[in-house]
Amino acid sequence: MNNQDLKHLKEIFVVTAAQMRDVESRVFAAGMPIPALMEKVGRLICDRLLSMTLKGSRVGILAGPGHNGGDALVVGRELHFRGYNVWIYQPFGQLKELTNQHFHYAQSLGIPCFSQLAELPDCDFLIDGLFGFGLEREITGNIAEAINHLNLWNKPIFSIDLPSGIHTDTGAVLGTAICASHTFCLGLWKQGLLQEQAIKYAGKTELVDFDIPLADIQAVLGEVPTIKRITQSLVINTLPLPLSPILHKYKSGHLLLICGSKRYAGGAILTGLGARGSGIGMLSIAVPESIKPLLVSHLPEALIIGCPETNNGAISHLQLPGETTLNSFTVIACGPGLTTEVTPIVEQVMKSEVPLILDADALNILAQLGTITSLKNRHQPTILTPHGGEFHRLFPEIDITNRVKGVQTAASQTGAIVLLKGARTAIANEQGVTWVNSESTPALARGGSGDVLTGLMGGILGQVVNRQVNMEDVVATAVWWHSQAGILAAKERTELGVDAFTLTQYLNRVLAQIQTDEISKWVELNIR
Ligand SMILES: NC(=O)C1=CN([C@@H]2O[C@H](COP(=O)(O)OP(=O)(O)OC[C@H]3O[C@@H](n4cnc5c(N)ncnc54)[C@H](OP(=O)(O)O)[C@@H]3O)[C@@H](O)[C@H]2O)[C@@H](O)CC1
Ligand SMILES: Nc1ncnc2c1ncn2[C@@H]1O[C@H](COP(=O)(O)OP(=O)(O)O)[C@@H](O)[C@H]1O
Ligand SMILES: [K+]
């Protein structure tokens with residue numbers, strides 16, 4: 001594996017504090033000296049800082065008692081030698097030995113050191129090395145007060161490894177925490193940084209790779225890690241590209257969407273447009289008869305199946321054409337805009353023998369039925385895509401403060417692949433294999449964007465279901481594609497310009513972008 005591929009691979013691993021310690025112990029046991037590693041990490045951070053356009057040259061170093069403090073002191077010393085004005089705030093009586101040595105050396109260089117925050121002069125930016133993955137208990141007293149003060153200064157803060165105060169595994173705030181503008185996560189992604197509660201503290205996050213050997217990572221996390229970050233390099237193999245030159249439209253999947261009502265006609269259109277964006281070969285959409293003309297006008301390529309409807313304009317029962325049965329389709333996605341009147345339809349699709357995505361009202365009906373564990377009897381994969389509210393209705397007993405644990409529990413109870421939507425969407429299968437999406441945009445927090453995801457996911461699934469792919473990888477691919485479309489749209493149109501319809505227009509542009517990336521990678525490899 002070349003270096004670049006190895007770097008990409010490391011972006012998917014996610015560790016707890018205990019796992020990080022185990023990985024590091026292996027590296028140290030193999031002979032890497034701890035001081036050498038600290039020096040290397042400090043310099044990497046320093047180089048990264050110097051490559052950014054930092055405003056001003058007055059730097060405050062916040063140094064804690066452990067090795068996180070040691071890292072910060074190395075960064076401070078290097079910035080000092082590069083002409084920055086450096087001041088150190090170090091309020092602890094006792095430091096770990098290595099950290100203590102760096103502290104004394106910094107003092108000997110004439111770098112001013114203070115134990116009171118009030119003594120620290122006005123800085124242009126701060127480096128936070130108070131606590132890293134060694135923080136296990138609440139921050140209290142003068143340190144907590146200092147952190148609260150620092151947050152009020154409104155200066156850019158660059159946190160080392162984690163914003164000090166954030167729990168490495170759960171992302172919870174232990175007493176108080178630094179609000180960083182940027183976090184340099186060291187070596188491997190810490191699980192806490194992928195939890196929603198950490199988002200507003202971590203700022204922009206990036207991994208600083210310090211060359212941990214892959215063998216050591218895999219010795220601790222396994223060949224195939226249980227928790228993975230969704231990255232482009234990982235989903236690329238699951239995308240329905242390239243197409244076979246001898247493809248036939250009936251070989252590229254037939255997706256059935258069951259969605260919409262007179263009241264929520266838009267939901268059906270958005271789900272259909274999401275499916276269109278996936279490139280699915282054949283698309284059928286079952287809707288109440290009265291909204292059929294509307295769907296035809298938006299999705300002329302789709303087969304719109306008008307179904308008998310209730311007085312309120314919801315589908316009363318499915319009326320599939322001719323000999324068609326639910327099992328004639330490659331995949332079924334059911335839920336957006338249905339209303340909760342359609343209970344028999346949800347019961348019917350649950351009995352189908354094809355992969356099934358249940359979203360929105362289908363989930364609410366499932367919650368009302370109270371038969372969620374019966375999903376285990378399905379012979380084909382089921383994917384549940386709740387947002388927080390729907391999740392709570394489905395699994396009232398499961399706490400989602402830790403979303404990773406939450407989806408894992410839900411998946412093991414139901415045998416389904418469970419996708420919990422949100423700023424950090426998490427996906428788990430029955431065996432506990434988990435994906436977390438850490439790149440997204442709040443521009444997606446708008447009505448209808450989940451409908452787009454359901455259609456897109458159904459469309460991808462329809463095309464790749466007969467390939468040797470893991471279902472949860474397909475689900476992760478849909479989440480990634482959807483988020484990337486949001487990110488691209490927000491970049492061009494601002495975060496306020498990403499309504500759900502506009503989002504559907506960006507789905508294909510994400511793919512076009514990947515093709516460009518892939519071509520440039522190919523050119524680069526072949527020129528060398
Ligand atoms: N190993 C390596 O060489 C590498 C390590 N790396 C770096 O080391 C970091 C981990 O270092 P670490 O294990 O020393 O822990 P760290 O996060 O600095 O803090 C623990 C210290 O804080 C103290 N403390 C805890 N809670 C407290 C509280 N509430 N209030 C007050 N004090 C509290 C605790 O003291 P104690 O519990 O013993 O009282 C202990 O002294 C990691 O995040 C990364 O930056 C990387 O560079 C890679 C190479
Ligand atoms: N703050 C956020 N940051 C990133 N993505 C978000 C955020 N809030 C919501 N999303 C994403 O937006 C989509 C919203 O879906 P959902 O709640 O089902 O909306 P709707 O039912 O209106 O279509 C999901 O894909 C979710 O992950
Ligand atoms: K820190």
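Predicted, not measured: the structure shown is a model, and the values here were computed from it. Order of appearance sets the numbers: ligands from 1, and atoms from 1 within every ligand. Position 1 is the first residue of the sequence, and the numbers go up from there. Just so you know, these numbers use all the heavy atoms, side chains as well, and skip hydrogens, waters and symmetry mates.
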The angle formed at the K ion (ligand 3) by OG of Ser164 and OD2 of Asp128 is about (to 10 degrees) 60°
Angle subtended at the K ion (ligand 3) by Leu162 O and Asn68 OD1, to the nearest 10 degrees, is 150°
Closest to atom 43 (O) of ligand 1 among protein heavy atoms sits Asp161 OD2, 2.6 Å
Atom 12 (P) of ligand 1: of Lys190, Lys96, Arg137, the nearest heavy atom sits on Lys96
Worksheet item: Is the shortest side-chain N to carboxylate O distance from Lys421 to Asp359 below 4.0 Å?
Response: yes
Between Phe131 atom O and Ile160 atom O, the angle centred on the K ion (ligand 3) rounds (to 10°) to 110°
Note: heavy atom closest to atom 21 (C) of ligand 1, options Ala63, Pro65, Gly134, Gly64, belongs to Pro65
Does the N or O separation between Gly422 and ligand 2 drop below 3.5 Å for any pair? yes
Within 4.0 Å of some non-hydrogen atom of His387, the atoms of ligand 2 are 17 (O), 18 (O)
>> Does Phe114 form a ring pair (Phe, Tyr, Trp, His ring centres under 6.0 Å) with Phe103? I'd like the steps, not just the answer.
In response: CA-CA 11 Å; Phe114 308 109; Phe103 182 59; over 10 Å; no
Out of Leu444, Ile199, Thr441, the nearest non-hydrogen contact to atom 4 (C) of ligand 2 is supplied by Thr441
task = Tell me yes or no: between the side chains of Glu390 and His387, is some donor less than 3.5 Å from an acceptor?
result = yes
The atoms of ligand 2 lying under 4.0 Å from a heavy atom of Gly447, numbered in the order shown, are 22 (O)
re atom 32 (N) of ligand 1, the protein heavy-atom contact at minimum distance is Phe131 CE2, 3.4 Å
Arg21 heavy atom under 4.0 Å from ligand 1: yes
Note: ligand 1 atoms sitting under 4.0 Å from heavy atoms of Leu37 are 49 (C)
**Prompt:** Can Glu492 and Tyr506 be counted as having a side-chain donor-acceptor contact under 3.5 angstrom?
**Reply:** yes
Is the closest basic N to carboxylate O distance between Asp161 and Lys190 below 4.0 Å? yes
Near Ser440 (heavy-atom distance under 4.0 Å), the atoms of ligand 2 are 4 (C), 5 (N)
Rounded to the nearest 0.5 Å, the CG atom of Leu98 sits from the NE2 atom of His67 at a distance of 4.5 Å
Salt-bridge contact Arg77-Glu39 (side-chain N to carboxylate O under 4.0 Å): yes
In ligand 1, the atoms that come under 4.0 Å of a heavy atom of Ile34 are 3 (O)
Ligand 2 atoms nearer than 4.0 angstrom to some heavy atom of Gly448 are 20 (P), 22 (O), 23 (O)
Numbered in order shown, the ligand 2 atoms found under 4.0 Å of a heavy atom of His482 are 25 (O)
If we number the atoms of ligand 1 from 1 as shown, the ones under 4.0 Å from a heavy atom of Val41 are 47 (O)
Quick note on ligand 2: atoms under 4.0 Å from a heavy atom of Ala445 include exactly 7 (C), 8 (N), 9 (C)
If we number the atoms of ligand 1 from 1 as shown, the ones under 4.0 Å from a heavy atom of Leu186 are 44 (C), 45 (O), 46 (C), 47 (O)
Quick note on ligand 1: atoms under 4.0 Å from a heavy atom of Gly132 include exactly 16 (P), 17 (O), 43 (O)
Compute the shortest N/O to N/O distance between Asp71 and ligand 1 and return yes if it is under 3.5 Å, no if not.
yes
**Prompt:** So, is Thr425 polar-close to ligand 2, with some N/O to N/O distance under 3.5 Å?
**Reply:** yes
Q. Is there a heavy atom of Ile143 sitting under 4.0 angstrom from any atom of ligand 1?
A. no
Ser449 heavy atoms within 4.0 Å reach ligand 2 at atoms 12 (O), 13 (C), 14 (C), 23 (O)
Note: Asp451, heavy atoms under 4.0 Å from ligand 2, region reported as both
Salt-bridge present (Lys405, Asp399; N to O < 4.0 Å)
no
Of Gln94, Glu39, Glu24, the one whose closest heavy atom lies nearest atom 5 (C) of ligand 1 is Glu24
Using the six-membered ring wherever Trp is involved, compare the ring planes of Phe158 and Phe184 and label them parallel, tilted or perpendicular (cut-offs 30° and 60°).
parallel
With nothing but distance in play, are any N or O atoms of Leu453 less than 3.5 Å from an N or O of ligand 2?
no
One finds that the ligand 1 atoms under 4.0 Å from a non-hydrogen atom of Glu138 are 29 (N)
Does even one non-hydrogen atom of Ala360 get within less than 4.0 Å of ligand 2?
-> no
If only side-chain N and O atoms count, and only distance matters, is there a donor-acceptor pair under 3.5 Å linking Asn148 with Thr176? yes
